[in-house]
There are 2 protein chains.
Amino acid sequence: MIQQPDGSKAPTMADVARVAGVSHQTVSRVLSGHPNVSARTRAAVTEVVEQLGYRRNSAARALATRRTHTLGVIAVNTTLHGPASTLAGVQEAARERGYLTSAVTLRAATEEALTEAVQHLAGWGVEGIVAITPWRDAVRALAALEAPCPVVTVEGGHDMDLPGVSLDQHLGARMLTEHLLTTGHSTVWHVAGPADWLESEARTAGWEAALRDAGVEVPPLLRGDWSPLSGYQAGQQLAGRVLASPGRAGGLTAVFVANDQMALGVLRAFREAGLRTPADVAVAGFDDIPEAEFFPPPLTTVRQDFASLGRSSIGLLLEHIEGTAEGVAHHTLAPELIVRASTARREPPRD
Amino acid sequence: MIQQPDGSKAPTMADVARVAGVSHQTVSRVLSGHPNVSARTRAAVTEVVEQLGYRRNSAARALATRRTHTLGVIAVNTTLHGPASTLAGVQEAARERGYLTSAVTLRAATEEALTEAVQHLAGWGVEGIVAITPWRDAVRALAALEAPCPVVTVEGGHDMDLPGVSLDQHLGARMLTEHLLTTGHSTVWHVAGPADWLESEARTAGWEAALRDAGVEVPPLLRGDWSPLSGYQAGQQLAGRVLASPGRAGGLTAVFVANDQMALGVLRAFREAGLRTPADVAVAGFDDIPEAEFFPPPLTTVRQDFASLGRSSIGLLLEHIEGTAEGVAHHTLAPELIVRASTARREPPRD
DNA sequence: CGACGGCATGTTAGCGCTCACAATTCTGGA
DNA sequence: TCCAGAATTGTGAGCGCTAACATGCCGTCG
């Protein structure tokens, strides 16, 4: 029974108590699963609750317990695959644990917008906030804000004094770069994401570390803004370079693009320039968006388990809310390398 | 001042009243913008509020006013571009109007899951629900559920007795089909979405109506599940057909694919089969996802303003909550045709 | 000059629930 | 048989706020 007889207002705990012939407190005990209630009473109350379609008033509960059981989420770019998946994971995990979540989607993670978002959520009495704001500046601003409740970051980096969860971007980039090196490329070029994104930074660092460890030259960096268009532009530059020095002068035979969407742009630029992928230049992306498997050609990439990331952030947040957290913890999840046709095996260069 | 001095608990309205030397009711009046308060008093109270970092307790307010100012959103597939954008629009609009939103992301829109979601939201006292569940069955189940608050659907069709907002899918499909017919194709094939999706149905209907109006043959329908893979498979079938009858036997020179992701799959299948787009077969999609512009080749598609759709749903919902709604209204937004390279102009067939 | 209406403010009584404690009943062992 | 102690249930007092009414003050009009 979901419906409320529309004329009369919703039944209260007192109504249930009266009908069941017990005190309102006993009803409360039954509903909270308190152990010391006789099976008889419990059954009687439960039946009346069903019959009346009674539902506890969460506002009254929140007032009496001083617990709202509400969490806030602050996110940007929620229309992209990564943030959207993370958000879904956060919401599902929170719901399972008995919390209501409310998400605030920002257009830009300025300090002002962040402050306003935190104020908005604080006004609703959230007990904690998950911030999916992967910029160094945003995380810094958030840390400085001193919100009235615990805040955990997602992809917020490990060097701030805010607890957080991340996928190991550095490792993913390293795996990908090493994959390219072991499949016959003398070095790997890189189209990075925006400089102020922590994810971008970590991917670049992982790429560079892998190259250095292998003792190979680190080519100059190109930068995009995650969009297919910026990837396309970077791709045009790279293609120009390849065509200008046909003898593989720059060793430009493999490109690690910092996300799949930009990789799509790079692929298009290469195709337009008459470069074949992977025969002339291998291309790899990052994220494994659902479309990646159907790119021309299917894209080698690094899969990120965004849903687990979201769930994990809720776990960490609740530790803080419930006071069982020790210090400022950071959780890290491992990514997975997905090899597809865009980086097909290459013969080692002949001497 | 965001931070609460951690040791002591948050100040109450009574605290503010005491410091400002007025009654708590006057503080309440100031905070609610009640007109009958002297400027002097108002200023004094405002200052104390600032100074103490006071924030009204929303639970207490909800209890006293019997208004939670909370809305629920039920959505499925929130990781896709369309639903995610709609969700963002819903949240932003609700926040602007002073409401808190809480989203429940379902894995599947079964009757059971829907019931549970509505129960969950009802338990939190939401005053209304926006349902982004574009299946006929889901909308039917929702209508039968008799939720304890108003429910509006997004893309829920116009034939149920639930108010809703939609983009005009029928018109969009018609525009696209007519575009293809006027650019020299004798007919247009169609890869539809799943049969139980209302959007899919409307797009198919629009396509068929355009063909009939033009007095041309309606080719058999292929069906996918929105995924690139299903598009790929449909594309393989279509390619096989073209190659089997090189003389354009089936008039298969143009395909309208029901969404951009499947179109990506179709494009790949055509490319693999040696068919050129648009020279051999023109391809068009639907949705205008951000990647569509970078497909090989850039995809002609129909742009949908999901954000406006979301905002519009909130407008409608609030009309129902505030009692100003007249009957079961349906709002419709017009889509926009985006012509790109995948349907480049075609010479009229020579006789 | 006194009654009256409008403005500014205060007082009181809940909203529906949980907490702390009190009261009652039931159990088993001396 | 009686009583300590546990199990079960009830009572009263808020949680922090708003709605409704009550009060006091001013100027104004008959």
Side-chain angles (χ1 to χ4, degrees), chain A residues 4 8-46 48-49 52-70 98 100 122-127 148, chain B residues 4 8-46 48-49 52-70 98 100 122-127 148:
Chain A
Q4 217 36 250
S8 64
K9 53 179 211 179
T12 70
M13 197 170 263
D15 295 330
V16 174
R18 195 175 318 112
V19 175
V22 297
S23 76
H24 62 133
Q25 177 62 310
T26 299
V27 176
S28 173
R29 285 195 185 97
V30 170
L31 261 29
S32 326
H34 189 96
N36 288 354
V37 178
S38 72
R40 247 182 104 85
T41 310
R42 186 178 300 276
V45 168
T46 305
V48 175
V49 165
L52 263 47
Y54 170 73
R55 231 180 327 250
R56 274 192 289 194
N57 179 314
S58 59
R61 237 154 94 71
L63 184 56
T65 58
R66 298 146 169 278
R67 295 284 314 264
T68 59
H69 280 271
T70 300
L100 187 78
W124 285 101
V126 297
E127 297 182 25
Chain B
Q4 217 33 251
S8 64
K9 55 181 212 179
T12 71
M13 196 170 265
D15 296 329
V16 174
R18 196 175 319 113
V19 176
V22 297
S23 76
H24 63 132
Q25 178 61 294
T26 299
V27 176
S28 173
R29 286 195 184 98
V30 170
L31 260 29
S32 324
H34 189 98
N36 288 353
V37 179
S38 71
R40 247 183 101 84
T41 310
R42 187 178 300 278
V45 168
T46 306
V48 175
V49 165
L52 262 49
Y54 171 72
R55 227 177 333 245
R56 277 194 288 196
N57 179 315
S58 60
R61 234 153 96 71
L63 184 56
T65 59
R66 298 148 169 279
R67 293 286 314 266
T68 59
H69 280 271
T70 299
L100 187 78
W124 286 101
V126 298
E127 297 183 26

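As the structure is a computational prediction, the values presented were derived from the model and not from experiment. Protein chains get the first letters and strands the later ones, always in sequence-line order, with residue 1 at the start of each.
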- line: All heavy atoms of A:G98 vs all of B:W124, minimum pair found to be O-CZ2, 3.8 Å
query: Do any side-chain nitrogens or oxygens of B:T26 fall under 4.0 Å of OP1 or OP2 in C:dG10?
result: yes
- prompt: C:dG16 C1' sits how many Å from A:R56 CZ, rounded?
  reply: 12 Å
- prompt: OP1, OP2 of C:dC15 versus side-chain N and O of B:T65: anything below 4.0 Å?
  reply: no
Atom-pair distance (CZ on A:R18; C1' on C:dG16), nearest Å: 13 Å
statement: Rounded to whole Å, CG of A:L63 lies from C1' of D:dC15 at a distance of 4 Å
- request: By nearest nucleotide on DNA chain D, pick out whichever of A:S38 and B:A14 is the more 5' one.
  value: A:S38
task: Nearest whole angstrom, please: distance from the P of C:dG16 to the CZ of A:R67.
output: 23 Å
B:S23 vs C:dT9: side-chain N/O to OP1/OP2 distance below 4.0 Å: no
message: I need the NE2-P distance between A:H69 and C:dC17, as an integer number of Å.
response: 16 Å
query: Are any of A:R66's side-chain N or O atoms less than 4.0 Å away from OP1 or OP2 of D:dG16?
result: yes
task: Measure the distance from NE2 on A:H24 to P on D:dA13 and round it to the nearest whole Å.
output: 12 Å
- request: Please check the phosphate of D:dG16 (OP1 and OP2 only) for any side-chain N or O of B:T12 closer than 4.0 Å.
  value: no
message: Any side-chain N or O of B:N36 below 4.0 angstrom from OP1/OP2 of C:dC7?
response: no
task: For A:V27 and for B:V22, locate the closest nucleotide of DNA chain C by heavy-atom distance; then report the residue assigned to the nucleotide nearer the 5' terminus.
output: B:V22
- request: Tell me whether the OP1 or OP2 atom of C:dA8 has a side-chain N or O from B:R40 closer than 4.0 Å.
  value: no
query: What nucleotide, of C:dC19, C:dC15, D:dC15, holds the atom closest to the side chain of A:Q25?
result: C:dC19
statement: Nearest heavy-atom contact between A:E127 and A:T68 is OE2-N, 2.8 Å
message: Tell me every residue that passes ring-ring contact (aromatic ring centres under 6.0 Å, His included) with A:H69, counting only those two or more places apart in sequence or in another chain.
response: A:Y99
- prompt: Please give, in whole Å, the distance from D:dC17 P to A:N57 CG?
  reply: 16 Å
message: What contact category does B:R29 fall into here, base, sugar-phosphate, or nothing, at under 4.0 angstrom with non-hydrogen atoms?
response: base
Euclidean distance, B:T12 OG1 relative to B:L52 CG, rounded to 0.5 Å: 9.5 Å
- request: Could you tell me the separation between the CZ atom of A:R55 and the P atom of C:dG16, rounded to a whole number of Å?
  value: 15 Å
field: Shortest non-hydrogen contact between A:V37 and A:R42, atoms and distance
entry: CB-NH2, 3.5 Å
